[in-house]
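Every heavy atom of this structure was used, including side-chain atoms; hydrogens, water molecules and symmetry mates were not. The chain is numbered in sequence order, starting from 1.
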Amino acid sequence: MTYSIEKVTTLIGARRFGERDTQISFILSDSRSLCFPEETLFFALRSGRNDGHRYINELYARGVQNFVVSTLPQDCAQHYPDANFLLVLDTLEALQRLAERHRDEFNIPIVGITGSNGKTMVKEWLNQILSGDFMVTRSPRSYNSQVGVPLSVWLLDRHSQVGIFEAGISKPGEMLALRNIIQPTIAVLTNIGDAHQENFASREAKCMEKLQLFHDAQVVVYNGDDVLVKHCVSEQHDLHAEQLFWSCADAAAPFYINKVEKSGSATLVTYRYAGETNSYRLPFIDEASISNSFACALVALKLGISPDTLAQRMAQLEPIAMRLEVKEGQHGCTLINDSYNSDINALDIALDFMNRRPDHQGRRHTLILSDIFQSGLTPDALYREVGTLCRQRGIEKFIGIGRELCAHALSIEVPEKHFFPTVEDFIASAAFSQLHDEVILLKGARSFNFEQITDLLVKRVHETTLEVNLNAVVKNLNYYRSFLHADTKLVCMIKADAYGAGSVEIAKTLQEHRVDYLAVAVADEGVTLRRNGITSNIMIMNPEMTAFKTMFDYDLEPEVYSFRLLDALVKAAEKEGITGYPVHIKLDTGMHRLGFNPSEDISELISRLKRQNAIIPRSVFSHFVGSDSDEFDRFSAEQYRLFLKGSDQLQAAFDHKILRHIDNSAGIEHFPERQMDMCRLGLGLYGINPRSNKTLNNVSTLQTTILQLHRVPQGESIGYSRKTFLTRDSIIGAIPIGYADGLDRRLSNRKGYCLVNGKRADYVGNICMDVAMIDVTDIACHEGDRVEVFGDHLPVTALSDIMGTIPYEVLTGISNRVKRVYFQD
């Protein structure tokens, strides 16, 4: 659907500057995702750490001519003669208002889903259940925020017959705006959990905030067995909606679950609805899936899906892979695997993700795409749009799989293209065998079994993998940013291969989220980042004197901590004819590791810096010894006093601004008043709160599989040197991970444990170089089952506590032979 710029101006109550007549089809809030500039309206959103107004000049140069702003650019008519500027008081409110007015155009069922967990699963399962009868428009991925919801609702078009949108909140006062945008006819509450609880006075307060989505809905769906939810619903005195709640205890409930029977890998649910008893078989046995299926069943039945059709489609539900994975492939390829969903909006988001990942090798961007089902468009229109997206997003090689794509090959205009009826035909072709040195996006409907392609293309290491959640990295980043002033800069530590998570992919994510500095230990780590397309400022914390030339060549900024290093660096820079090279001065305020003495060395330091022009101090910093513990607060205060003394003296000697930083992860939280110009984020970025030793958002999950199971009788020993003797007949599993992979031998002989199917399994015997043995006697498991060494359910801090060490050692000890798999929700 398109709107004239005049119509948009009226809808959002803006004052228009500019006279260009144009039609708006796309709205944009992130300059990095621009695709169709001529038809795009850019909303210059402001946040605590960014301002969309900064990108107007860049976007105008790229063809965007329509902007919603809260401040007009200076001399806009002169500098942007072909542009329209729509002036409003608040650009976010204007974005939400436009989406709200767009929603008003549709008299169709709209399902709004909120809850602490399960929103995306319910949304995607509802799509699977309903799409055989309705054209469904739904939120892409987890677009459920104050910005994500309006962008999702904007996707409604003339083909939409049902809308399904998530509404996520993190603090009081957020749901009202989302409710007004979604205007659900059916509102669903999945559950009330602990997510974001820190921002609410109580669980009841959070529940009441979420239930604002129910206001004005015609039908509300919730768990009638949840005492808190039921109480909060009863407190909604102005709620006039039909209440469809499910219950396993209340036989009078609108959706009464008579029986839940688990068998093998499936669950049989028998229920009574509208006076009839029916059942469906769900291909899952976990409690979350079973509970989410109740919400899906209620909504589907209310929308007219028959019990027989519901049973048929419930049995065919597929797991929701709510993530986009980046894997190292064979023959110099990088694979971006996105089988989460297959529609035109999801394709555009995945292509955008591909374009945002810098690639130093200049490799071709290749798209492997299957037929797209249930788009609401004619095949001609659909594949013309696919072709346009490919051109706009820079696809150089296209591989289409499916009969419809074969029939519309002419719609895809890229430099190289190939088409095959099936995955098997593609795998057997020369096009498959010739894949090399490419960044490959795989986007296929599940029925095409694209896993056959990924299994053949992914680089084989062994069955132990470290999964790295890039979304969790961003959540941790934003958690610590919430303590900072808007103008406080941030250095993110990615030394030691980003604490074992893999520095290149972490750096790409941090660069995308505009951190001010990245910090590595040595120059070689910085070179690796530069060679992989990282353009951010990079600080070298332990510069080697033999690497000065390398640092100059790759724009790497060294720490300077001694006069010997200073003099050598100046001499090397002067030899290269360099002037004004930025460096970072380290002061020793109490760590007594490296640094200038702030009480004794500053005058001489200033004198030597003044006698040359090869280098210039960009920042001055120090490091708290004990910001993670209250017992060191007096010592920390003395460190801060010494740092102020030394840094003030240094700044007074120079006219340019020298950034000051002393807060680390613990300091950001514990000493927010000492954040100064910049802070350094290390362990906290990777999900460990150094103050509490608890997990924030888990980033890394180390997992493996059971290779073999043995029945071993009582009295037998396990492993090298016979360190563990069995006290009963036991079942012992062998797993392909050992101390060469980073599994510490201190965990041997029942001192440590892993999780098998969620159950504790002790390590028995000495951990070997490549294999460890675990006791699974009391665990229902099979060869090939997943084993969690640490991750979401077994925090890395549990292992470090057992080992008597710190989480850093566990994280950085994971060997490079362990395959890293990166994913984004």
Side-chain angles (χ1 to χ4, degrees), residues 109 111-119 121-130 133 162 164 184-193 203-204 207 210-211 213-214 217-237 239-317:
V111 183
I113 306 170
T114 191
S116 299
N117 307 104
K119 296 185 293 292
M121 181 177 289
V122 170
K123 176 195 69 182
E124 290 301 321
W125 278 359
L126 273 175
N127 178 63
Q128 292 182 33
I129 294 168
L130 298 175
D133 295 87
V162 172
I164 310 176
T185 58
I186 301 176
V188 180
L189 175 65
T190 56
N191 60 57
I192 297 294
R203 285 169 60 89
E204 181 176 350
C207 185
K210 290 182 181 293
L211 286 178
L213 185 66
F214 282 21
Q218 298 170 18
V219 178
V220 295
V221 176
Y222 61 93
N223 180 1
D225 290 339
D226 188 314
V227 175
L228 172 63
V229 171
K230 195 168 184 180
H231 165 72
C232 290
V233 171
S234 70
E235 292 293 306
Q236 306 290 307
H237 301 300
L239 183 64
H240 305 297
E242 178 184 2
Q243 296 189 28
L244 291 183
F245 59 89
W246 70 84
S247 174
C248 297
D250 182 1
F255 189 87
Y256 172 57
I257 298 100
N258 301 65
K259 191 180 299 183
V260 175
E261 300 174 280
K262 298 180 183 180
S263 176
S265 59
T267 301
L268 180 65
V269 175
T270 304
Y271 66 91
R272 187 171 69 244
Y273 174 77
E276 294 185 7
T277 298
N278 289 284
S279 64
Y280 60 81
R281 186 172 297 276
L282 186 71
F284 307 97
I285 60 173
D286 61 287
E287 293 300 324
S289 293
I290 294 169
S291 178
N292 288 332
S293 79
F294 300 157
C296 291
L298 259 172
V299 174
L301 291 167
K302 183 62 183 177
L303 289 175
I305 299 298
S306 70
D308 289 344
T309 300
L310 177 68
Q312 175 190 350
R313 293 177 184 170
M314 280 286 192
Q316 297 170 350
L317 286 180

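For the side-chain contact (heavy atoms from CB on, under 4.5 Å) test, residues two or more places apart in sequence or in another chain that qualify with Q218 are T185. Partners of S293 according to the side chain to side chain donor-acceptor pair (under 3.5 Å) rule, which considers only residues two or more places apart in sequence or in another chain, are Y280. For E235, the side chain to side chain donor-acceptor pair (under 3.5 Å) criterion is met by no residue, not counting sequence neighbours. By the side chain to side chain donor-acceptor pair (under 3.5 Å) test, Q128 is found to be paired with no residue, residues two or more places apart in sequence or in another chain being considered. Checked against side chain to side chain donor-acceptor pair (under 3.5 Å), D286 has the following partners two or more places apart in sequence or in another chain: S289.
Taking 4.5 Å as the limit, some side-chain heavy atom of W246 sits within range of a side-chain heavy atom of V221. You'll find the side chain of Q243 stays beyond 4.5 Å of the side chain of P254, heavy atoms only. In this structure, V233 and V220 have side chains that are not in contact, with every pair of non-hydrogen atoms separated by 4.5 Å or more. Annotation: side chain of P109 is in contact with side chain of L303 (closest heavy-atom distance under 4.5 Å). The closest side-chain heavy-atom distance from S263 to L268 is not below 4.5 Å. At least one side-chain heavy atom of H231 sits under 4.5 Å from a side-chain heavy atom of S234.
The minimum heavy-atom distance between I129 and A300, with the atom names listed, is CG2-CB, 3.8 Å. Across every non-hydrogen atom of C296 and W125, the tightest pair is SG-CB, 3.7 Å. The two residues A315 and P283 make their nearest non-hydrogen contact at O-CG, 3.8 Å. Nearest approach of T114 to K210, heavy atoms of both residues: CG2-O, 3.8 Å. Nearest heavy-atom pair across A266 and R281 is CB-CG, 4.0 Å.
One finds the CZ atom of F255 at 14.0 Å from the NZ atom of K302 (value rounded to the nearest 0.5 Å). A distance of 10.0 Å separates OG of S279 from CG of N258, quoted to the nearest 0.5 Å. Atom CD1 of I285 sits about 8.0 Å away from atom CD1 of I290, to the nearest 0.5 Å. Between the CG atom of L244 and the CG atom of L301 there is a distance of 9.5 Å, given to the nearest 0.5 Å. Note: L126 CG to I164 CD1 = 5.0 Å, rounded to the nearest 0.5 Å. Here the SG-CG distance, from C248 to N223, works out to 7.5 Å after rounding to the nearest 0.5 Å.
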Review item, side-chain donor-acceptor pairs of residues 269-277, under 3.5 Å, at least two apart:
from, atom 1, to, atom 2, distance (Å)
R272, NH2, A251, O, 2.5

Working for side-chain contact (heavy atoms from CB on, under 4.5 Å), residues I113 and T190: CA-CA 7 Å; I113 306 170; T190 56; 3.9 Å; yes

Pair L317-M314, side-chain contact (heavy atoms from CB on, under 4.5 Å): steps then yes or no: CA-CA 5 Å; L317 286 180; M314 280 286 192; 3.6 Å; yes

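Residue pairs meeting the salt bridge (Lys or Arg N to Asp or Glu O under 4.0 Å) criterion with at least one member in residues 219-230: none, sequence neighbours excluded. Applying the salt bridge (Lys or Arg N to Asp or Glu O under 4.0 Å) test to residues at least two apart or on different chains, the pairs with a partner in residues 304-314 are D133-R313. Sorted by first and then second residue, the salt bridge (Lys or Arg N to Asp or Glu O under 4.0 Å) pairs involving residues 250-268 (not counting sequence neighbours) are K262-E287.
A donor-acceptor contact shorter than 3.5 Å is absent between the side chain of K123 and the backbone of K119. The main-chain N or O of L282 is never found under 3.5 Å from a side-chain atom of T267 such that the two would form a donor-acceptor pair. A donor-acceptor pair is defined here as one N or O able to donate and one able to accept, closer than 3.5 Å; such a pair exists between the side chain of R203 and the backbone of I192.
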